[in-house]
Amino acid sequence: MGEFKGFMKHQRKSQSEEDLKARVSNYEAFQHRFCNEDAQEQGARCMECGTPFCQTGVGVGKETVGCPIGNYIPEWNDLVYKGQFKEAYRRLSETNNFPEFTGNVCPAPCESSCVLSINNDPVAIKGIERTIIDEAFEQGWVEPRTPNHRLDTRIAIIGSGPAGLTAADELNSWGHNVDIYERDIKPGGLLRYGIPNMKLDKDVVERRVELMEAAGVKFICDVNVGKDVTYEELDEKYDAIIVATGARKQRDLKLEGRQSKDIQFAMDYLTEQTQHQFGEIEEPSITAKDKHVIVIGGGDTGADCVAMSLREGCKSVFQLNKYDRLPDKVDGNPFWPLQKQVFKLDYAHAEYEGAFGQEPRAYGVQTMAYDVDFVGDLKGLNTQVLSQQPLNDITMEDQERYFKADLVLLSIGFEGVESELPKAFQLQMTHNKIAADDSDYKTNRRKVFAAGDARRGQSLVVWAIKEGREVARQAHKFAVQNKIYS
Ligand code: FAD
């Protein structure tokens, strides 16, 4: 595997990025793929580990750190090192339906599990994955997965995010007739309307949708299932139904003044901005242009809001984080690697891009009140500084801090699944998620399966792909058996 002692010979390299000042002037994707030679050199760094933790995971129980979809990472690292890109693509696509999505946006738990990460220089697995798939598209190796035979089964998938797309891709390739119902006017879910173009070029999403259409998947957009189409109608028409509707219910911060139009949810802002960029709406109702923006929430979505506000031309943007900076070490041991990886991703926009002439983030800050004037315009935020001695053990400090703001974007997480469809379908819920066991993905309704964020709560693209693959197997089994015995 790889080059003998290659990891000692070659340094880890990251994919190059557009210059900071240049990239905030547009909405283009700012990270460039490796050239093939760089990818080969990085592949050479993969050593012959006894157990490839990147692929199998490290840890206990279901939530192991490592690749959730079990990508054959050491194998394709080796193939890339040898310059066998086509074979590497073939091997990669055996476990991952959409490496172009994960190659762009995955926080790469595989890299955290790489043995070399002990020295903070893991193999650049994500960059290699992206090179393989980009090369495959450039060389024309990626083709529609058209089935050899069509079955007479029909499967409905509700939601066209990565979970729904993956399930559709699998089921269609096995011969089922697959219809994807989507509430938005275009497919992709958060890949299209959540994750900004700078992180994931929308042409990449469109290209995949077109391939799936060419393979026979039917996209039925602008249809809100549960409202425009009933459970009974789907039950009548389909042999299995998969609910992959995401977990978009946003957490609110209900303090006095919340009703001000200047306090908005992050997702509404991000969605409108993307729709506007692509000509789907004329003017967004929420804009950061010429405003002092405060993003409340230190996660991924908040970081995307910082990036978007900068590109829109805000006067300033500041991200408030309730928690302290994550430490490198806890009690002398390296901090849990996956956390560090996610933390790095959060910073990609917020820390680097926001750092022009201002402090981009504040840590350990709790919002106490919105300062809204008598006509409802936001003036600022009153906050309290928190002191955090051990991890997550928070106490108030007697220190107040005022932040001037014309726009607040709330990005403090998601509460779970929006309730309309589960109600209309009479689906059982557990902790605001659709109840379905991960052994069979079955809900309480016959024929109805659930997967992705709708089942597991807000997560990652790679987990949505994993669930899409697994739910497809279950729905396949059910639909075929049902046909035979009906
Ligand atoms: P979604 O992508 O949410 O798709 C659900 C789809 O169902 C949507 O298209 C929705 O319109 C549709 N739908 C809902 N209800 C109905 C209905 N009644 N009828 C018809 N259609 C319906 N993950 C990463 O790995 N890396 C990242 O960089 C990253 N960045 C993120 C940035 C933001 C701003 C957010 C919010 C999330 C991010 N994530 C990221 C998380 C990731 O996007 C999600 O975990 C993933 O998209 C979940 O996939 P899904 O298919 O389950 O749901």
Side-chain angles (χ1 to χ4, degrees), residues 31 68 98 101-109 126 156-168 179-200 205 209 219-231 234 241-251 265-271 273-274 295 297 299-308 341-342 344-346 348-349 409 411 413-414 416-425 427 433-434 450-468 471:
Q31 198 171 50
F98 309 127
F101 301 155
T102 45
N104 275 287
V105 302
C106 191
K126 180 175 165 185
I157 296 177
I158 311 168
S160 65
L165 288 179
T166 307
D179 293 345
I180 302 194
Y181 289 85
E182 171 52 55
R183 188 174 59 181
D184 288 332
I185 59 168
K186 286 192 174 168
L190 290 173
L191 297 169
R192 190 184 289 270
Y193 294 113
I195 302 173
N197 197 66
M198 305 75 90
K199 247 163 75 178
L200 180 64
V205 181
V209 168
F219 289 89
I220 305 168
C221 291
D222 208 6
V223 173
N224 190 345
V225 177
K227 197 169 158 222
D228 305 332
V229 178
T230 63
Y231 165 76
L234 294 186
I241 301 164
I242 297 174
V243 180
T245 47
R248 298 268 190 101
K249 187 159 187 274
Q250 294 165 89
R251 187 166 289 130
F265 284 119
M267 269 307 296
D268 296 342
Y269 171 65
L270 291 173
T271 304
Q273 285 300 318
T274 299
V295 178
D300 222 0
T301 308
D304 289 341
C305 289
V306 171
M308 196 68 101
Q341 204 65 35
V342 173
K344 230 169 59 192
L345 187 87
D346 288 354
H349 299 310
L409 297 171
S411 169
F414 294 81
V417 176
E418 295 156 307
S419 58
E420 289 82 2
L421 183 135
K423 258 192 204 146
F425 275 46
L427 295 178
K433 296 173 277 182
I434 297 172
D453 281 5
R455 194 191 75 86
R456 62 183 289 119
Q458 263 289 335
S459 183
L460 294 171
V461 170
V462 68
W463 280 103
I465 293 176
K466 179 191 168 75
E467 297 223 344
V471 78

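Just so you know, ligand 1 is whichever comes first in the structure, and atom 1 is the first atom listed for that ligand. In this text, all values refer to a predicted model and were calculated from it rather than measured experimentally.
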Q | Residue pair M308, Y269: steps toward the side chain to side chain contact (heavy atoms under 4.5 Å, CB included) verdict | A | CA-CA 9 Å; M308 196 68 101; Y269 171 65; 3.7 Å; yes
Answer side chain, backbone, both or neither: which part of [X] comes under 4.0 Å from ligand 1, heavy atoms only.
{"X": "D300", "answer": "side chain"}
{"X": "L191", "answer": "neither"}
{"X": "R248", "answer": "side chain"}
{"X": "K199", "answer": "side chain"}

Using a 4.0 Å cutoff against the non-hydrogen atoms of [X], which atoms of ligand 1 qualify?
{"X": "A244", "value": "5 (C), 6 (C), 7 (O)"}
{"X": "V223", "value": "19 (N), 20 (C)"}
{"X": "M267", "value": "36 (C)"}
{"X": "D304", "value": "32 (C), 33 (C), 34 (C)"}
{"X": "G194", "value": "34 (C)"}
{"X": "L421", "value": "18 (N)"}
{"X": "S459", "value": "41 (C), 45 (O)"}
{"X": "N224", "value": "17 (C), 18 (N), 19 (N)"}

Q: Flag yes if more than 12 heavy atoms outside K249 fall under 6.0 Å of its NZ atom; otherwise flag no.
A: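 No, because the 6.0 Å sphere around NZ of K249 holds 12 heavy atoms or fewer from other groups.
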Taking a cutoff of less than 4.0 Å between a non-hydrogen atom of the residue and any ligand atom, is [X] in contact with ligand 1?
{"X": "P162", "value": "yes"}
{"X": "F414", "value": "yes"}
{"X": "T102", "value": "no"}

Counting only nitrogen or oxygen atoms and a 3.5 angstrom limit, does [X] reach ligand 1?
{"X": "I158", "value": "no"}
{"X": "V461", "value": "yes"}
{"X": "I195", "value": "no"}
{"X": "V105", "value": "yes"}
{"X": "D453", "value": "yes"}
{"X": "L190", "value": "yes"}
{"X": "T301", "value": "no"}

Q | A168 versus I180, closest heavy-atom pair with distance | A |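 Taking A168 first and I180 second, the nearest heavy atoms are CB-CD1, 3.5 Å.
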Q: Might you point out which heavy atoms bring L191 and V461 nearest each other, and give the distance in Å?
A: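 Looking at all heavy atoms of both residues, the shortest contact is CD2-CG2, 3.9 Å.
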Carboxylate-amine/guanidinium proximity below 4.0 Å for [X] and [Y]:
{"X": "E420", "Y": "K227", "answer": "no"}
{"X": "D300", "Y": "K199", "answer": "yes"}
{"X": "R183", "Y": "E418", "answer": "yes"}

Q. Considering G189, P107, G159, which one's heavy-atom position lies nearest to atom 7 (O) of ligand 1?
A.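 Looking at heavy atoms only, the winner is G159.
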